[in-house]
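Hydrogens, waters and symmetry mates are skipped; everything else that's a heavy atom, side chains included, is used.
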Amino acid sequence: MKFILKIPLGLLMMASACNNREPGKTNTDKSYFDLKGYFTAEASKLQQQNPLISKTVVLNGSQEEKKLQIADWSKELSIFIDADINKPAWKGEFIHTVTDSLESYTTKSEKIPVRKVDLHKSGNTIDEINIILHTNNSLYDSADTLVYKPGELYQISKSQKIRLMDQKNYLMRGLFPQK
């Protein structure tokens with residue numbers, strides 16, 4: 001009986017030894033540009049720099065401006081981080097086009113809220129990122145345009161129409177200090 005148990009146990013141990021992944025590591029294969037990684041790194045860098053931001057918020061025409069230091073850059077850039085297009089279910093859903101100065105990812109799938117990502121570049125340096133989000137269902141229609149220019153500005157424009165309510169338009173712009 002001991003011999004019979006040793007054979008399956010030995011095969012199990014050999015099979016698990018063939019797994020070349022380190023314990024605790026997941027598959028990090030990215031099909032598209034790593035927006036989540038990029039903005040997580042930007043948030044970390046900005047957290048250390050702690051710049052004074054000129055922030056403008058406009059809600060349905062009413063405007064407010066403040067100069068402030070952002071306490072949590074991961075939270076401030078969360079909408080950019082959440083626009084990650086490398087979700088496993090979305091693999092193969094984006095059309096990728098590249099020119100000398102523009103890398104673009106576009107989907108026509110209505111199930112994916114991230115409809116378009118444009119990376120404007122000079123060589124390997126990212127000059128600007130534009131992201132278009134759109135969600136439409138029986139309760140509401142929401143469209144967001146995100147713009148990020150490293151060291152210059154970040155902006156979120158949102159238009160939302162909730163059923164049986166008026167449309168709301170929102171703009172938030174953060175300007176970095178000029179060097």
Checklist entry - Is there a donor-acceptor pair closer than 3.5 Å between any side-chain N or O of D118 and the backbone N or O of N130? => result no
Please tabulate, for the side chains in residues 144-151, all donor-acceptor contacts under 3.5 angstrom to protein atoms that are two or more places apart in sequence or on a different chain.
unit_1 : atom_1 : unit_2 : atom_2 : d
D144   : OD1    : S142   : OG     : 3.3
D144   : OD1    : K158   : NZ     : 3.1
D144   : OD2    : K158   : NZ     : 3.1
Y148   : OH     : E42    : OE1    : 2.5

Checklist entry - Mind checking whether W73 and F39 have ring centres under 6.0 Å apart? => result no
Item to check | Y154 side chain vs R173 backbone, donor-acceptor pair below 3.5 Å | outcome: no
Item to check | K91 with E93: basic N within carboxylate O range, under 4.0 Å | outcome: no
Checklist entry - Just wondering, do L46 and L77 contact through their side chains at under 4.5 Å, heavy atoms? => result yes
Item to check | Main-chain N/O of N50 paired to Q69 side chain as donor or acceptor, under 3.5 Å | outcome: yes
Checklist entry - With D82, which residues qualify under salt bridge (charged side-chain N to carboxylate O under 4.0 Å, His left out), at least two apart? => result none
Checklist entry - Quick one: does T99's side chain have a donor or acceptor within less than 3.5 Å of a partner on L102's backbone? => result yes
Next on the checklist: Atom CG of residue position D166 - does it have more than 12 heavy atoms of other residues, nucleotides or ligands inside 6.0 Å?
Outcome noted: no
Checklist entry - Is there a donor in the side chain of K121 and an acceptor in the side chain of S101, or the other way round, less than 3.5 Å apart? => result no
Checklist entry - Which heavy atom of R163 sits nearest a heavy atom of S138, and at what distance? => result CD-O, 3.4 Å
Checklist entry - So, the side chain of T40 versus the backbone of G37: is there a donor-acceptor pair under 3.5 Å, distance only? => result no
Next on the checklist: The test is side-chain hydrogen bond (donor to acceptor under 3.5 Å, both in side chains); show your working for H96 and E103 and say whether it passes.
Outcome noted: CA-CA 7 Å; H96 181 211; E103 186 172 347; 3.0 Å; yes
Next on the checklist: Can you tell me if Q47 has over 12 outside heavy atoms packed within less than 6.0 Å of its CD?
Outcome noted: yes
Checklist entry - Does N86 reach the main-chain N or O of S31 with its side chain, forming a donor-acceptor pair under 3.5 Å? => result yes
Next on the checklist: For N137, is the CG atom crowded, meaning more than 12 foreign heavy atoms sit under 6.0 Å from it?
Outcome noted: yes
Next on the checklist: For a quick test of reading the model, state the closest non-hydrogen atom pair linking R115 to S109 and the distance between them.
Outcome noted: NE-O, 3.5 Å
